[in-house]
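These notes are about the structure you will find just below.
As the structure lists them, so they are numbered: ligands from 1, and atoms in each ligand from 1.
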Amino acid sequence: MHLPTRLAPLPPRATRAAKEKEKAEKAAKRKAAEDAQKKQQEGTDVSSNDYGDLPMIGSQEYKPSGVSRTTLAQISEKYNETTPIDEAGGVEVCFRAVVENARNQSAKLSFLVFREGLNTIQAVVAASDSLSRQMVKFAGSINAESVVLVHGLVKKTPEPVKSATISHLEIHIKKIYVVAKADSQLPMQVQDAERPLPLEGEEIKEEEGARPIVTLNTRLNNRVIDLRGKHNRAIFAIKDGVTALFQEFLRNQGFIGIQTPKLLGAPSEGGANVFEVGYFATKAFLAQSPQLYKQMLIAARFERVMEVGPVFRAENSNTARHLTEFTGLDLEMAFEEDYHEVVEVLENLMLYIFNGLKSKYKRETDLVRSIYHVDEFKLPEAGKVPRIPFAEGIQMLRDDGLEIGDYDDLSTPDEKRLGALVLKKYGSDFYVLDQFPLNIRPFYTMPSHTAPAHQTGAKDPNSGYSNSYDFFMRGQEILSGAQRIHDAEFLCKRMKEHASPVDPNSDGLRDYVNAFRYGCPPHAGGGIGLERIVMLWLGLPNVRLASLFPRDPNRVMP
Ligand code: ATP
């Protein structure tokens, strides 16, 4: 039988209200006790002024401290492995750095690693009578990539710290303030940027349990974080170094730096690879090279000119070595009798750059090569750059089993193959290929003196060789150059008979041709791709890695 449940009689309404009141009073008491305890704890936070978020610098709340600061580079230089630290308990320092990582080891101990440029150093925050646990917790919880201001003591470490570049020192933190906080969730980690990308065509080998490789695309989409990788800093220091060495060498040789226009009224070099841009009511074109202007300046009696500037190419080349905007290192110079006078300057220039990189950028080079393992770049032992006539290069390839015509252009695989053969024969990763077939060079190239182009009524004026050359690093082209035609009439003839003829009277070429009517000395020069040098010096798998914000057919952002 189902018996009805016996319900307890309800307390009278007044009693119920009293109970509720009693409950509320108890909760309030408990909260007051908790608040008091918290307050007391805060009151006893001996470090309450020694950590926290700084007001934004520039705001009214921010009061400059005036405390003089040092840098990690200065600390590591001043207290090197042999200098004793005299002050008992360490030397007081104050510096700003980035938190590479932070972790709470326990309630009483946190570890951080600070980064500044290529330097990293470990730091500890340990609770004591004068340093609160709250501060330990705060420091160990700072988001990676935040910018912090640190006051601390530099001490020698009993054991080298493997995870930091400054391994013989550590910082014992006394105060730490966040100057600029990084989000807790970043689109990618800096450590991800520091892992190697696969080479072209190489399979991604992922170790079990390791973080997945972040693709080049993701890295480039988040380039600000990507560039924080130490090797990236090194890549761009080297790139800057190449530019400086280029200018230094040439200035010492009497070259003057020039800036030629990048907006042109007409596509002057004849090719289809030119970007068209709106120009008020009409249109303009982005310069594919400073070629014509460099030569006009030789005609203007500048004798020796050089330029470091952007070069735009509307080539739909989705390769690991082509960009649509790259940096051209260009030069042009008058010579006396033989264009090889200029080839020699160019060879010495490149050797100066390579030797400068070896002596001044060893640390950066080693750092990048520790990620992208590549053989040491071999310079010619005898100090003499192999200068190989094109015909001889073709013969070397044929002897190696390649079927190729005398005047055929070299494909990228052919170039790489020849590079390997030259390395074997001459022990050099750097060489020059001279006397290219005329028909694969631009209209302004001087034909070899034996070329039919110098005879009137020649059957094929584009056959034969030319006074032109390419320079190679590890079997890839880095420089293209030639003796240019400095005689207006001969130039007009070559323009018309070239395989891709151009009109000497066209808007883009008239002034250029006229420049040679006023007496211009014989001259030659070359154009070098800065990003290519950096890529090949370091063995990077992609030229994009040598461009801060690369532009290619699929990317014009960020
Ligand atoms: P490639 O045959 O490699 O496409 P190119 O013959 O068109 O080069 P040049 O016009 O002679 O090259 O340019 C001179 C130098 O500029 C090259 O040797 C190379 O170092 C660099 N360069 C040319 N095109 C590019 C590009 N699209 N991206 C990056 N560098 C380039």
Side-chain angles (χ1 to χ4, degrees), residues 200 239 242-243 246 260 267-275 286-295 306-332 343 346-347 349-350 353-354 390 408-416 418-419 429-434 436-445 466-484 499-500 524-538 540-556:
E200 208 179 5
K239 189 174 181 183
V242 174
T243 310
F246 171 85
T260 59
S268 42
E269 283 186 60
N273 305 331
V274 59
F275 285 112
L286 297 180
Q288 292 158 282
S289 87
Q291 185 56 39
L292 307 190
Y293 288 94
K294 284 191 299 185
Q295 289 188 254
M306 61 166 164
E307 175 163 14
V308 178
V311 172
F312 302 94
R313 299 276 167 97
E315 293 167 306
N316 205 352
S317 303
N318 290 292
T319 76
R321 54 193 211 118
H322 286 95
L323 296 164
T324 47
E325 179 180 347
F326 65 93
T327 312
L329 302 178
D330 268 89
L331 64 102
E332 203 70 27
V343 176
L346 288 168
E347 288 168 352
L349 162 69
M350 292 313 301
I353 292 175
F354 297 143
F390 187 86
D408 286 356
D409 204 353
L410 298 178
S411 65
T412 305
D414 295 347
E415 284 181 352
K416 288 188 180 167
L418 185 57
D429 275 312
F430 171 52
Y431 74 97
V432 175
L433 209 53
D434 190 18
F436 270 71
L438 181 62
N439 68 348
I440 56 171
R441 306 299 280 205
F443 63 80
Y444 44 75
T445 309
S466 62
N467 291 353
S468 65
Y469 38 84
D470 277 2
F471 285 26
F472 293 85
M473 283 173 72
R474 300 190 201 271
Q476 294 199 48
E477 181 199 319
I478 52 144
L479 177 152
S480 215
Q483 175 182 350
R484 331 290 188 181
S500 311
I528 312 170
L530 174 57
E531 290 81 4
R532 288 250 183 113
I533 298 185
V534 176
M535 166 176 92
L536 295 165
W537 175 255
L538 294 169
L540 302 178
N542 198 305
V543 73
R544 289 162 182 78
L545 298 174
S547 172
L548 286 168
F549 296 100
R551 265 67 184 119
D552 66 28
N554 299 311
R555 177 178 292 279
V556 274

Side-chain donor or acceptor of Arg551 paired with backbone N/O of Leu323 under 3.5 Å: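 Such a contact is absent between Arg551 side chain and Leu323 backbone.
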So, the side chain of Thr319 versus the backbone of Arg321: is there a donor-acceptor pair under 3.5 Å, distance only?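 The answer is yes, because a donor-acceptor pair under 3.5 Å joins these two groups.
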In chain order, what residues pass the ring pair (Phe, Tyr, Trp, His ring centres under 6.0 Å) check against [X], with sequence neighbours excluded?
{"X": "Phe354", "value": "Phe377, Phe430, Trp537"}
{"X": "Phe436", "value": "Phe390"}
{"X": "Tyr444", "value": "none"}

Any donor-acceptor N or O pair under 3.5 Å, side chains Ser468, Arg441: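 There is such a pair between these side chains.
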For ligand 1, run through the N/O pairs with the protein that fall under 3.5 Å and put one pair on each line.
unit_1, atom_1, unit_2, atom_2, d
ligand 1, 3 (O), Arg532, NH1, 3.1
ligand 1, 3 (O), Arg532, NH2, 3.0
ligand 1, 4 (O), His322, NE2, 2.7
ligand 1, 7 (O), Arg313, NH1, 3.4
ligand 1, 10 (O), Arg313, NH1, 2.9
ligand 1, 10 (O), Arg313, NH2, 3.0
ligand 1, 11 (O), Ser480, OG, 3.2
ligand 1, 18 (O), Glu477, OE2, 2.6
ligand 1, 18 (O), Ile478, O, 3.2
ligand 1, 18 (O), Leu479, N, 3.3
ligand 1, 20 (O), Ile478, O, 2.9
ligand 1, 20 (O), Gly529, N, 3.1
ligand 1, 24 (N), Arg313, NH1, 3.4
ligand 1, 27 (N), Glu315, OE1, 3.2
ligand 1, 27 (N), Leu323, N, 3.4
ligand 1, 27 (N), Leu323, O, 2.9
ligand 1, 28 (N), Leu323, N, 2.9

